[in-house]
Amino acid sequence: MIFEPVSLNISQVSCERDDRLLFHNLSFALRSGDILRVAGPNGAGKTTLLRMIAGLFEVQDGVITIDQEPLSERRHQVLYIGHKPQVSRDLTVIDNLKFLTGFDEPVVKQALIDVGLRGYHDSLVKELSQGQGRRCALARLWCSEAPIWILDEPYTALDVTMVETLDRKINAHVAQGGLCLFTTHQLPQSLNFETLELGRVD
Amino acid sequence: MIFEPVSLNISQVSCERDDRLLFHNLSFALRSGDILRVAGPNGAGKTTLLRMIAGLFEVQDGVITIDQEPLSERRHQVLYIGHKPQVSRDLTVIDNLKFLTGFDEPVVKQALIDVGLRGYHDSLVKELSQGQGRRCALARLWCSEAPIWILDEPYTALDVTMVETLDRKINAHVAQGGLCLFTTHQLPQSLNFETLELGRVD
Amino acid sequence: MSWRWFHQWGSPRWFYERAGRWQLVCGWLALILLVVGSLWGLGFAPVDYQQGNSYRIIYLHVPVAFLAQAMYAAMAVCAVVLFVWKMKLADVAMQAIAVTGLAFTVLSLVSGAVWGKPTWGTYWVWDARLTSMLILGFLYLGLIGLRAAIQDPDQAGKACGILVLVGVVNLPIIKYSVEWWNTLHQPASLKLTEKPTMPASMWMPLLVNILGYYIAAAYLVLGSMRAIVIGRERRASWVKELVGRA
Amino acid sequence: MSIEKRMLARELKLAAARPGDIFKPMWFLMLVISMVPLALSPDSVLLADIGSAMIWVATLLALLLNTEHLFQSDFSDGVLEQWLFLDRPLAWLVGLKLIVHWLFHVVPLICITPIAGLMLSVPTDVLIALLMTLVVATPALTCFSGLGAALTLGSSRSGILGVLVMMPLFVPVVILAAGVLIRATDGSEILPLMALLGAFSLVAATLVPIAVSAAIRLNIGGSN
Amino acid sequence: MSIEKRMLARELKLAAARPGDIFKPMWFLMLVISMVPLALSPDSVLLADIGSAMIWVATLLALLLNTEHLFQSDFSDGVLEQWLFLDRPLAWLVGLKLIVHWLFHVVPLICITPIAGLMLSVPTDVLIALLMTLVVATPALTCFSGLGAALTLGSSRSGILGVLVMMPLFVPVVILAAGVLIRATDGSEILPLMALLGAFSLVAATLVPIAVSAAIRLNIGGSN
Ligand code: HEM
Ligand SMILES: Nc1ncnc2c1ncn2[C@@H]1O[C@H](COP(=O)(O)OP(=O)(O)OP(=O)(O)O)[C@@H](O)[C@H]1O
Ligand SMILES: Nc1ncnc2c1ncn2[C@@H]1O[C@H](COP(=O)(O)OP(=O)(O)OP(=O)(O)O)[C@@H](O)[C@H]1O
Ligand SMILES: [Mg+2]
Ligand SMILES: [Mg+2]
């Protein structure tokens, strides 16, 4: 699959939380093929920025558009994976994924094999280890049709093998014309990304 | 502070979960000054092993002792930090720490400054970012009197500065005669540790 | 009583095979007793001068009511065994008994209600015996619900064990308090220490049926214990072997 | 699969994964109903007098408790925020969830009330009226308590707020239902009141999901 | 600071941080009490007859719902497992927690019952007896529902399961309290029954914390 060219524009966005100025008049644009790492120390506002772009946190000041259209029109073109598990603890791995992606059993099963959860299809999410749960959430990337990926610390809890697999997947995604924004405190080895440094403004 | 010499003995410990054999007849011993990293892929049983040693998961087969005494007698010599936040979301940072450590305001405040949470003393934990919340939990290490530290993925969500600070703290702890067991998928740069590899037995 | 005996009993495989044989014996014995008792009671025992033929529900109602109570006691014994000797089989028994016990409780409630309509003119009254039976039903339900809510079988077993033990301490208190609150139901008509008030031709078949139901209960419990053992050990080699053979 | 089908499939799976959620309210109802004679008196005449009202209040409570955490686990697992990325209005998805919840968790509750009625010796015609009021009124109650659940999602402190907001909304429903039951006991006409109740439920079912979706959006915005 | 002082300080802070937890049960009680006349009939003689029993059942329910999540947030935040590393028996800490819970969350509930009594025109002497039974009986009820909460900690969406599981065990308490109330209405001697209730509470308060701590240990063992 090749995505239509897509562009994400952030212009003059500012954010204040609890009287702390997180970022001020931030502007940048991403196009198909771009990978952007949002970096910064703990509490810099990375998660806040990502949630703003995903439309989960109200933009207080500034404008964010996808292909010149407001975010709310293009929700389904965005795939967001945040800090939370994103999967229901009481459902099996496969049922969770079927709901989240809308794909059928064979596709979803293949995705689970790709993330190394072969043999865990019918386990409940609450019976998985930390990293396995995270893998389950990330399996969505293997059956996603959204061009814009927003990943908040996707490498958390993953072992070395899975980190590499994920890097490969992100590369493949942007090669198809997608774009990816992510945060992490571990420097990815095999990604070709640009960095946006969020520092303490104060 | 210098700790009394302490030793931790794990002998012939096995564990099976959901009919998967995680480890079998595992034996090792740690003494004051040792740092051990428990490594292995996701789902290998690292968390399970650490919880067993901390006395939070029943030892099904085998014996674990501290200074030749059963674990249950020496509970208060162990400090365990796991996957969960370990702090209450509805309390302030400082109240959480005062409860967990039993130290008074000045000591606890210093610890918070050490982990870079100056200015957040009276924030509620739920208002912190992911990494700040983790820092709050780790601040316990700065006012702990337990010689045995068991840390399950302590580096998760921490930025580079804090990772270094934590490394220094662990080094200082073992220099004082403590011992430390931890897991992580990121290789620590400035620690001098031995590795126990947990693989899939099956 | 040697420890080996306990050890053997703790082995699921040993139990599964042995219990199959016991079950067979219990099944036949129960069948014979129940057929004899029921035919005798329903067909040949005399008509009651007050209640007419409707009293014949007694041949179901009374044994089932006895059993419902006895099974809770059996479960308490299992809980003690579980905590003292850490025998997994006791937990299996507890699980099996909870389900069977609930079934008997419901049966006794339903048979009592059906009997209540002709004799008291209503299906239900808030009488002590009936109320404490209802509460017993809720206790069984609680055990089943608790077990269903906890994923890990060992953990679920221990949680149920705690509940059973707390419940068994309370059961006499509940029964006593409910009796003090309101009593209307038939007083015991079969007592070990006194001569029964019923004619022998009425209580003899009842006795046969009571015995029959007890053995039938053993049959049911053994059956569900075997099923539970197989379910829990489904990945053990001996179960795979067994399934492979079948 | 269409999004609607996915939602339904998921709710079915969840209901199957947590069968307790279906039985618990029924069980609660029966327990409350059996506590009443214990606390009051076993006298069946008195019980029959207050029986239908007790059953109504107990059902209301069971429903409230059942709906209180309707969105909680989806919210804290981060699944609810994923709903925003689906190609449907949130209010529509919320409406679906409420309907499914009513079908799976409230209807079984209504089905068990006749047994409760028998135990409290409620006369048959009153019992029938009781059942009818419950069927007609519970959609409104479900919507309102769903709104309460959505409002209280975010912080532990808004707890009181959500519940206080809901309280005045229940009152008209309870008064109307009580009117129906009193008329049923007298043997007079119940249709006009039932129609009113039905209208109330209908309006609630169309408008409340919008409020619920606004509340959910609000709470997602505040979380990390 | 001693461990006991730390526990107490923390509970105080938590109570201050979640005032909703204190007001919600009171609100619930008032809701149930105001629903009863609405659903029944405003006839004050009937209300006075059933009033004290209704208040008792409503308080019981409010207490149950309040205690239902006693350990939940500490458990899921991983704070409860840290209790195991404190240099005190778990049962002792649990006992402390239960006492504090009773003081902060149950006593306010009892304090509000007189208002409920006035609303249902319960006579003053019965009201006094009602208050006394509540004070004496609630420790036992708190302990039992704490046990229910502890037993169901592990299952993620246990909801009111803990309540349902423990409710049958409340029967003796309810019956004894009802006995006291009936005697108070008659004007006869209530002391012996009160003594029985008190004894029950005392025994529960000493033994149940042990069962609770066993249940907590169990659930910590199963979690990650
Ligand atoms: C739902 C309704 C009823 C329930 C739950 C119920 C419950 C019980 C229980 C628990 C027992 C065993 C008592 C014991 O252990 O000593 C029992 C025995 C008995 N019931 Fe019922 N009962 C009900 C209705 C009736 C009715 C309507 C009658 C007939 C008038 C009746 C007649 C008896 C008799 C004769 C016994 C044997 C008493 C004895 O030998 O101990 N029951 N019932
Ligand atoms: N609550 C549970 N119930 C049943 N099985 C579980 C449970 N938690 C974990 N497991 C299983 O136990 C195994 C080991 O889990 P554990 O959490 O110890 O892994 P881990 O080595 O810490 O992995 P990770 O690197 O992902 O944290 C896994 O295969 C998992 O499926
Ligand atoms: N729910 C909240 N309420 C109030 N303030 C918050 C809330 N969540 C975060 N903050 C504040 O907003 C700031 C940015 O938080 P954010 O989660 O965006 O940081 P981050 O860059 O993602 O950090 P980390 O690397 O730790 O994940 C922090 O200073 C934090 O204190
Ligand atoms: Mg973040
Ligand atoms: Mg782990």
Side-chain angles (χ1 to χ4, degrees), chain A residues 17-18 43 45-48 50-52 54-60 71-105 107-108 122 124-126 133 136-137 140 144-146 148-150 152-153, chain D residues 1-22 24 69-94 96-97 100-101 104-105 153-155 213-224:
Chain A
R17 271 193 115 159
D18 262 351
K46 304 180 291 300
T47 298
T48 309
L50 258 53
R51 285 181 75 86
M52 262 187 187
L56 297 175
F57 190 80
E58 209 188 336
V59 183
Q60 296 152 342
L71 259 177
S72 50
E73 305 286 305
R74 299 298 200 95
R75 274 286 169 74
H76 52 282
Q77 294 202 336
V78 174
L79 188 155
Y80 170 80
I81 296 185
H83 283 306
K84 289 178 180 173
Q86 321 275 334
V87 281
S88 310
R89 288 168 51 80
D90 288 329
L91 287 183
T92 60
V93 169
I94 201 154
D95 286 340
N96 262 306
L97 227 57
K98 271 158 79 177
F99 169 71
L100 286 171
T101 64
F103 280 101
D104 287 332
E105 191 116 352
V107 183
V108 169
D122 296 323
L124 298 180
V125 168
K126 66 178 161 198
C136 173
R140 285 173 64 197
S144 143
E145 284 174 337
I148 301 178
W149 285 3
I150 300 183
D152 198 355
E153 307 211 18
Chain D
M1 270 198 287
S2 82
I3 291 172
E4 286 71 21
K5 265 199 204 146
R6 274 150 71 185
M7 291 278 300
L8 290 181
R10 175 163 185 273
E11 293 296 327
L12 270 169
K13 294 259 167 62
L14 275 176
R18 305 161 177 164
D21 282 8
I22 296 179
K24 270 182 260 167
H69 299 298
L70 190 56
F71 302 107
Q72 190 62 55
S73 65
D74 280 351
F75 178 74
S76 50
D77 287 344
V79 177
L80 204 53
E81 59 190 40
Q82 295 296 337
W83 288 21
L84 295 182
F85 297 102
L86 298 178
D87 200 8
R88 294 283 188 285
L90 186 57
W92 166 246
L93 299 177
V94 165
L96 267 183
K97 171 114 185 166
V100 173
H101 178 70
F104 286 180
H105 296 123
L153 269 183
S155 71
S213 70
I216 288 178
R217 247 178 240 283
L218 201 78
N219 279 314
I220 286 178
S223 78
N224 246 8

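Side-chain atoms are counted along with the backbone in the values below, which use heavy atoms only and exclude waters and symmetry mates. Convention: sequence-line order gives letters A, B, ...; per-chain numbering from 1.
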Side chain, backbone, both or neither of D:Ser2 within contact of chain A (heavy atoms, under 4.5 Å): neither
A:Gln86 versus chain D, the contacting section by heavy-atom distance below 4.5 Å: both
Interchain contact, A:Thr47 with chain D, by part (heavy-atom threshold 4.5 Å): side chain
Ion pair check, A:Lys46 and A:Glu153, cut-off under 4.0 Å: no
Part of A:Leu100 within contact of chain D (heavy atom distance under 4.5 Å): both
Side chain / backbone / both / neither for D:Gln82 at chain A, heavy atoms under 4.5 Å: side chain
Interchain contact, A:Ala54 with chain D, by part (heavy-atom threshold 4.5 Å): both
With sequence neighbours excluded, residues passing side-chain contact (heavy atoms from CB on, under 4.5 Å) with D:Glu11: D:Lys97, D:Val100
Approximate separation, where rounding is to 0.5 Å, of A:Phe99 CZ and D:Lys5 NZ: 15.0 Å
Side chain, backbone, both or neither of A:Val78 within contact of chain D (heavy atoms, under 4.5 Å): both
salt_bridge(A:Lys84, D:Asp77) N-O dist < 4.0 Å: no
A:Arg17 portion near chain D, given a 4.5 angstrom heavy-atom threshold: side chain
